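As the structure is a prediction and not an experimental result, all values here were calculated from the model. The figures that follow rest on heavy atoms only: side chains count, while hydrogens, waters and symmetry mates do not. The first residue of the sequence shown is numbered 1, and numbering continues consecutively from there.
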Amino acid sequence: MFYHVKDLQFNARVSKPDPRFARLLLEQFGGGNGELKAAMQYFVQAFTCRFPYPDKYDMLMDIATEEFSHLEIVGATITMLLSGVNGEMKDAVESSGLSALMEGKAAKEDLIHQALFNPQFCVLSGGGPTVTDSNGVPWTGAYVNANSDPTVDLRSNIAAESRAKIVYEYLMKFTDDPCVKETLGFLMTREITHFQQFEAALETIDPNFPPGVLQEDSRYGDKYFNMSADEGITGPWNEGESTRTFEAWQKIDDPIRFVEETEGLVDVDPNNQQQMDEMSAKLSKMRSQEVNSATKTSNIQWSTYGAKAKRKKEKVRQ
């Protein structure tokens, strides 16, 4: 159940209208890394966590709801940056008002030029945000990543927060308005916060590597194929041990020869495949039991209305 409080989570302000930056800020309203994408992604992911992982359900719904509040902050800021545009657009006869609002004819012509790349900006919205990115590309559900496995979804969310953070960081370079920068700084900081929360939630799942359930095929997991003339470049990605399975990296400096000699990687000796298979079977059974034991198949009810109140009353009586 959502309950809307009309006051924003953060007191968004602008010093003066700036239609050009309003267009850029659309990226965080309806863009692929924006607040609507984040809100919908965490909202959708939460559903399959409801019974087997109620703690993750709670966290995802909390952060999704906060992302909706951030969407409201971005939308409010865009509207304030377009202050005056709506009224001037309503004056169908007079055309000088918008030019004055934008500090001259040159600014108005610049906006018209920008509109060629985003025909919905101002023309269709008339002074408010649209569910598009900064170039007028409509928001799409294809932006949402949800795979119904918390070890996968939480990693997607960590990446999503990283991308959103860097977009806010870049946006700050395109405005001199201290009030707008303060709002962007708040939103950017919350991306960092959510990154850490998703990271912490992932660490509560043990084991959480690899993503999903099945372990690796031990014939291929320790191989690093050198696909370029790297002049002997090395790093922890091709020497020493792998970060999670702690296998010694085997650097294949001549991939063509290696593939030919192994008959297309078929004749590669496995290291510890029996152990990997046992781990896959064990984790598969464990994850299946987690979900099945918490999920009813009859008389299913999403909420237990009044259950908390009843428990409180019983506790008081005792």
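- Around the CD1 atom of I256, the shell of radius 6.0 Å holds no more than 12 heavy atoms that belong to other residues, nucleotides or ligands.
- Residues L187 and Q9 are not in side-chain contact: their nearest non-hydrogen atoms beyond the backbone lie 4.5 Å or more apart.
- R163 contributes atom CZ, which lies 11.5 Å from atom CZ of F195 (distance to the nearest 0.5 angstrom).
- In this structure, a donor-acceptor pair under 3.5 Å is absent between the side chains of S280 and Q215.
- To the nearest 0.5 Å, atom OG of residue S162 and atom CG of residue N33 are 10.0 Å apart.
- Side-chain contact check for D177 and S15: at least one donor-acceptor pair (N or O, by modelled atom type) lies under 3.5 Å.
- Between the side chains of D149 and T151, a donor-acceptor pair is found at a separation under 3.5 Å.
- The ring of F10 has its center no closer than 6.0 angstrom to the ring center of H70.
- Expressed to the nearest 0.5 Å, how far CG of L24 lies from OH of Y170 amounts to 14.5 Å.
- With 3.5 Å as the limit, one finds a donor-acceptor pair spanning the side chains of N135 and R23.
- The existence of a salt bridge linking R287 and E290 is confirmed by a sub-4.0 Å separation between a basic side-chain nitrogen and an acidic carboxylate oxygen.
- In terms of hydrophobic clustering, with Ile, Leu, Val, Met, Phe, Trp and Tyr side chains grouped at heavy-atom distances under 4.5 Å, M227 and L265 are assigned to a common cluster.
- Salt-bridge annotation for K165 and E169: present, with a side-chain N of the basic residue lying under 4.0 Å from a carboxylate O of the acidic one.
- Residues W139 and T132 form no side-chain contact, since every pair of their non-hydrogen atoms from C-beta on lies 4.5 Å or further apart.
- A salt bridge is absent between K16 and D18; no separation between the charged side-chain nitrogens and carboxylate oxygens falls under 4.0 Å.
- Exactly one residue among L82, I78, T79, T77 makes a side chain to side chain contact (heavy atoms under 4.5 Å, CB included) with V14. That residue is T77.
- Atom NZ of K285 has 12 or fewer neighbouring heavy atoms from other residues, nucleotides or ligands inside a 6.0 Å radius.
- Atom NZ of K282 has 12 or fewer heavy atoms from other residues, nucleotides or ligands within 6.0 Å.
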